[in-house]
Amino acid sequence: MSHLTVLRSYAQKRNPAKLPPSLLFSHTDTTITIFDCYPKALFHFLVLPRPSPTLSVFDLASLRTLLRGDKQRARDVLLLLRAEGARVRTSIEEEMRARYGFAWPVWTGFHAVPSLEHVHLHVISADLCAPALKNKKHYNSFHPKLGYFLHLDTVLEWFDAEPSYYDSMSQLKKSRYEPLVKEDLVCFHCARVMHNMPTLKAHLQEEWDTLRAKATSARTKRKLENEATTADAPPPKKVAVDVRASEGET
DNA sequence: GTTCTAGAAC
DNA sequence: GTTCTAGAAC
């Protein structure tokens with residue numbers, strides 16, 4: 001089996017439950033959600049639409065083939081992916097709180113020029129802190145404002161635009177998108193230009209650490225205020241020290 | 001998609 | 001001399 005068609009092979013499984021648990025996150029009658037094998041963020045899943053009698057693997061070869069086939073059917077598939085993507089996002093947010101004590105944004109969208117066959121919706125946490133994120137293409141392909149990463153809601157808006165606009169966008173021309181991944185490394189948090197990948201990765205980690213510190217100190221502050229209004233609450237001395245320490249950083 | 005590595009960049 | 005990128009090979 002070629003590595004280029006590995007996603008198709010998953011989507012075609014009659015019984016997805018037999019996929020290894022290290023790969024399969026969840027499935028429905030119409031979708032299969034897997035863990036990305038090379039996660040580019042702390043949380044990174046792929047939602048795959050499953051073929052059916054009215055939706056062949058050829059229709060699902062890529063977002064491009066899907067959009068250029070029957071338009072109403074394409075919209076229906078995207079709506080299924082959106083619904084499942086929303087469920088996955090909710091699971092991610094629960095896990096974010098459990099593991100890290102706060103939840104941060106999650107992006108759902110497609111690469112304009114995919115490397116693997118079969119439509120796959122990325123559901124990825126907005127940190128881009130992961131060992132498998134190694135080069136400029138990896139980073140730029142998920143940058144939320146660059147244009148290569150197509151947010152699902154943006155693609156759905158194409159359906160309500162002028163038909164000529166839909167026809168134009170659904171071409172997903174390589175010549176339009178491929179140059180984008182070669183652009184400068186711009187931090188998606190603060191828009192600063194980073195001069196190489198090691199510098200960018202260290203900076204992204206700092207940005208996420210700051211995000212976490214702010215979120216958890218805000219929560220601790222709220223908690224302290226609540227306790228202050230409760231007469232019988234014991235003075236939370238250790239926590240109070242932590243709050244002063246983290247507030248001093250900002 | 002990843003790995004490997006030559007040679008550019010520092 | 002070492003780090004880093006980017007293109008070839010898979």
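For A/Arg176, the CZ atom counts as loosely surrounded, since its 6.0 Å shell holds 12 or fewer non-hydrogen atoms of other residues, nucleotides or ligands. Applying the 6.0 Å contact sphere to CZ of A/Arg73 captures more than 12 heavy atoms from other residues, nucleotides or ligands.
Annotation: cation-pi pair A/Lys71/A/Tyr166 present, NZ/CZ under 6.0 Å from the ring centroid and within 45° of its normal.
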Generate the contact string for nucleotides 1-10 of chain B. Rules: B means base contact, S means sugar-phosphate contact only, - means no protein heavy atom under 4.0 Å. BSS-------
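A/Asp127 has no carboxylate O lying under 4.0 Å from a charged side-chain N of A/Lys40, or vice versa, which leaves the two without a salt bridge. A/Arg87 and A/Glu84 are joined by a salt bridge, as a carboxylate oxygen and a charged side-chain nitrogen come within less than 4.0 angstrom of each other.
Within 4.0 Å (heavy atoms only), A/Pro198 reaches sugar-phosphate atoms of the nucleic acid but no base atom.
Between A/Phe35 and A/Phe25, the ring planes are perpendicular. Angles over 60° get that label, and only those under 30° would be called parallel.
Remark: A/Asn196, A/Met197 in residues 186-197 of chain A come within less than 4.0 Å of DNA chain C through at least one heavy atom.
Side-chain N/O atoms of A/Asp167 and A/Ser164 include no donor and acceptor closer than 3.5 Å. No donor-acceptor contact under 3.5 angstrom links the side chains of A/Thr220 and A/Ser217, judged on distance only.
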